[in-house]
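Reading through the structure tokens given below for one structure.
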Amino acid sequence: MGLIDAFPENVNLDDRKFDDIVNEARTLLARYGKEWTDYNFSDPGITFIELFAWIAEMQIYQLNRVTDANYRKFLKLVGMTPAFAQPARADITFEDVGNNNVPINAGMQVITEKGNGKIIFETEENLTIVPGKIKSILTTFDTQTIDNTGSNEKGDVYFAAFGDAAPVDATLKLGFDNSFPGKEIRITFILYEEDLEPAGNHGNEPSAVFPSATLIWEYSAMGKLKPLSVRKDTTNALTRSGRVIFDWPSDIDKDEEKSAYWIQCRILEGSYEIMPLVSKILLNTISAVQIERIIREDLGKGKGIPDQVVQLKNDPYINRIDFAVEDITDWPGLLNQLKEKGNLVDPGPEKKILSFFEQGTQDCINRWKGDKEPDEVLKYAVIDTLNKILNIRELYDLKSFKSVDLSQLSEKIFQKMEFCPDLEVRTLNRFLMEAVFPNKIEKNRLVIQLEKMDGESEYWYEIEDFELSGPEDTHYIFNQEKNQIIFGNGLNGRIPLDSQQILASYKVTLGPGGNIPGGQNFLINESGISGIKGKNMRAATAGKAAETMDDAKNRAKNECREIYRSITSGDYEYLAIHTPGLRVARAKAIPNYNPDIPLIKIPDTVTLVAVPYMREGNITPAAGEGFLQTISRHLDQHRLITTNIIVISPKYEKITISCNIYIKKGKSPKDIIELTKKKLDQFLSPMKGGPDGTGWPFGRAAYPSEIYQIIDEVEGVDYATNLSFIDDKGQHYKGIIKISPISLVYPGEHQFKIIEAKL
């Protein structure tokens, strides 16, 4: 049975009824019981057949009763589970802080009101609020300077960060009204993207985009420009909204004339596929997520009875053992700890963990500079390895982990990991790595603790079933549908002792209820900090309700149809267009073709021509090196092992039309010229032209006959003559214009000679 067929709309695994089973059994008697000749209802054998048919019909009935629990198992077989609720996220900007440097730590609660209730968010970053503001924003390119300060202060205006063309050496200068020596500065960029198509995505694959433009941040010291060391840039060179974080330089010059301290961002090399348009540049802004932590919730006491069930008071928004990028709260701290202690001679937990990394990833960690945020590629490589380590039963050994505080666990648990259920192994390994990297890994999972007689708490672990659990195993099952914790029966899984306190820690979220509009006021819910107000300039987004079973089944069907292996040319084109994080407008895969030697067929080689998405006004969008590298990396993950992939930008062939146009009497020559140019430009457009209007086909020739037809269809045109194509070099061609397989055409400045009718 196929995976799609495993999720039918109406389940009926066996449609046989009582009479069908009886008749089938009676027809088999002649084959297997030839001495049996009495088929009447009075025969005792027929009575037994009817009895067994009645039992079989009841079993078939139960078999057809497929519950959500069954579907959950089916989904797990294909590596999926219904998604938990997703929290909303918002950027909160703090203002009017006076002259005090106010520290805000990650995990602090910030509260806003909606209706008659309060909504709690939690900060995701550390921030020291600095008493200052951005007083001036200047864009300089090609000796031209534009003041964008007013545009930044308005809520509905955006501006080009480096001008419309964003040439090399174009700068974006930010003038601050104050100096903040020794302080960490966070500048938030909100880009205007409402006119763009959504960025590509492919299943659950992460986005790891290489920007085509290289930026350098600078400041002036002693009259000379010096590079500014950026610790973190989540804008990915201003290709998306995010934050740029750096330490304020102590030797920065003050512009006495304008009473400002200037920081500038300059395009060092490369170019943008889509020029960055900025809606807002903000200071003192951090991200907050709409969650509330439930700490040691009292679930009651143990009763000393088998199969005890306790009820959570809230719905956990997440219960994940696997690592995700957002689980690492301090990437530089984690990598520095791995880098420094993992390379020591003496055994240690970091050295043991690092030994499971591939050599290439270890080399990337060793080359990484500890004062900067790692790039997305390194982050996802580390997360992928950590998730593989979760399944390793040999991770723990006493010699390597002797320095790690595991007082809340029994050492016997780790000594028998070879025989533990898979889920418990993963949970224990996650606990180990959280203990090795304290305050660097977020606990995004349900934590159940039972208090012991001495007042200490003991961790219990989630498993899928009690089949492999012993009498002393501290196991429980979590029923996600009912939010219940189920304990063992004393033979399979330990029973909580009579009067033993049961505690739960987890996170809850309002899901879509946290998608509050922009302009909401926030207050910090922390003792010692008062009077600090914040506001979200944009609406909170990304809040989603927990996935229903029907939605999960539909997602499983779509996942089964998704293309993950590139075999045909269409597969390559589909995967290229859906490269995570990129906006790819068109893609063309050419098998057995190498653009460097186009006349020879090269087996096992595929050339992929990629056209980036463009804003209006750019008729020949070109892909930069980073854009092509991102697509190449994505295709490399899905190609057949023997295939060589070449990713290039298209070549553009300009076609200018020259002809004589005879117009009908009384028609305006000016109007006809404009309309004819418009029709031809539309037909020769690389993105919207061609015979079907979906873009000029790659490598397609241009024919005089179709140009004649387009001109003839223009209202007021009688006919056209003497048509010729003019190429980039000014040469005229009367016949067909042929182009290479990797080329597209685009229109030039057409030349028309208008001849009016005499009659």
Side-chain angles (χ1 to χ4, degrees), residues 1-11 13 66-87 197-209 316-327 376 379-381 383-388 390-391 422-423 426 444-445 464 478 480-481 511-512 541-584 587 589 630-631 633-641 643:
M1 177 181 292
L3 292 176
I4 298 174
D5 297 330
F7 300 100
E9 298 300 329
N10 298 306
V11 177
L13 301 179
V66 180
T67 65
D68 283 351
N70 298 120
Y71 277 121
R72 190 175 296 277
K73 287 288 187 181
F74 298 154
L75 288 168
K76 190 170 183 179
L77 289 174
V78 295
M80 298 180 63
T81 56
F84 286 83
Q86 297 298 310
E197 295 289 333
N201 65 85
H202 186 229
N204 294 322
E205 294 181 16
S207 167
V209 176
Y317 98 83
I318 194 168
N319 184 30
R320 183 182 62 223
I321 303 299
D322 288 355
F323 287 99
V325 169
E326 58 268 23
D327 290 352
E376 299 296 314
K379 284 183 179 180
Y380 285 108
I383 290 298
D384 184 58
T385 304
L386 292 180
N387 283 326
K388 291 177 181 177
L390 289 176
N391 299 301
D422 292 341
L423 183 57
R426 297 170 62 80
N444 279 326
R445 54 189 171 86
E464 296 176 355
F478 174 53
Q480 182 178 335
E481 288 81 13
T541 58
K544 296 181 181 179
E547 190 175 40
T548 66
M549 185 57 66
D550 287 340
D551 289 340
K553 289 188 286 185
N554 289 331
R555 181 162 60 92
K557 293 178 182 179
N558 294 332
E559 187 73 10
C560 294
R561 299 185 182 102
E562 187 63 70
I563 297 173
Y564 284 104
R565 184 59 59 203
S566 50
I567 300 174
T568 68
S569 296
D571 296 339
Y572 282 100
E573 294 166 4
Y574 176 89
L575 290 167
I577 290 176
H578 290 81
T579 301
L582 281 189
R583 293 179 172 90
V584 184
T630 303
I631 296 177
R633 182 178 179 273
H634 179 59
L635 294 179
D636 186 63
Q637 298 172 352
H638 301 281
R639 66 179 175 87
L640 297 178
I641 194 170
T643 305

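The first residue of the sequence shown is numbered 1, and numbering continues consecutively from there.
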To the nearest 0.5 Å, what is the distance between [atom1] ([X]) and [atom2] ([Y])?
X	Y	atom1	atom2	value
Ser207	His634	OG	NE2	10.5 Å
Leu635	Arg633	CG	CZ	11.5 Å
Glu562	Arg555	CD	CZ	12.5 Å
Asn201	Thr579	CG	OG1	10.5 Å
Ile567	Thr643	CD1	OG1	9.5 Å
Tyr71	Asp550	OH	CG	8.5 Å

Could you pull out the closest heavy-atom pair between [X] and [Y], with the gap in Å?
X	Y	value
Pro580	Pro206	CB-O, 3.5 Å
Phe84	Pro316	CD2-O, 3.3 Å
Val584	Ala576	CG2-O, 3.4 Å
Ser569	Ala589	O-CB, 3.6 Å
Phe323	Asn387	N-OD1, 2.6 Å

Is [Y] close to [X] at the side-chain level, that is, under 4.5 Å between some pair of heavy atoms?
X	Y	result
Arg565	Asp571	no
Glu205	Tyr564	yes
Leu75	Met549	yes

### Task
Go through the steps for Gln637 and His202 under the test side-chain hydrogen bond (donor to acceptor under 3.5 Å, both in side chains), then give the verdict.
CA-CA 12 Å; Gln637 298 172 352; His202 186 229; over 6 Å; no
### Message
When you measure from the side chain of Glu547 to the backbone of Ala545, do you find a donor-acceptor pair of N or O atoms at a distance under 3.5 Å?
### Response
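Judged by distance alone, no pair lies under 3.5 Å.
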### Task
For Asp327 and Ala324, indicate whether the former's side chain and the latter's backbone hold a donor-acceptor pair under 3.5 Å.
yes
### Query
Is the number of heavy atoms from other residues, nucleotides or ligands within 6.0 Å of NZ (Lys544) greater than 12?
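No - once you tally the heavy atoms of other residues, nucleotides and ligands closer than 6.0 Å, there are 12 at most.
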### Query
Are Asp636 and Arg639 within salt-bridge range, i.e. N to O under 4.0 Å?
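Judged by the 4.0 Å cut-off on N to carboxylate O distance, Asp636 and Arg639 do form a salt bridge.
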### Query
Is the closest basic N to carboxylate O distance between Lys388 and Asp384 below 4.0 Å?
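A salt bridge links Lys388 with Asp384.
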### Task
Start with the C-alpha gap between His638 and Tyr574, add the side-chain angles, then the distance that decides, and say whether side chain to side chain contact (heavy atoms under 4.5 Å, CB included) holds.
CA-CA 11 Å; His638 301 281; Tyr574 176 89; over 6 Å; no
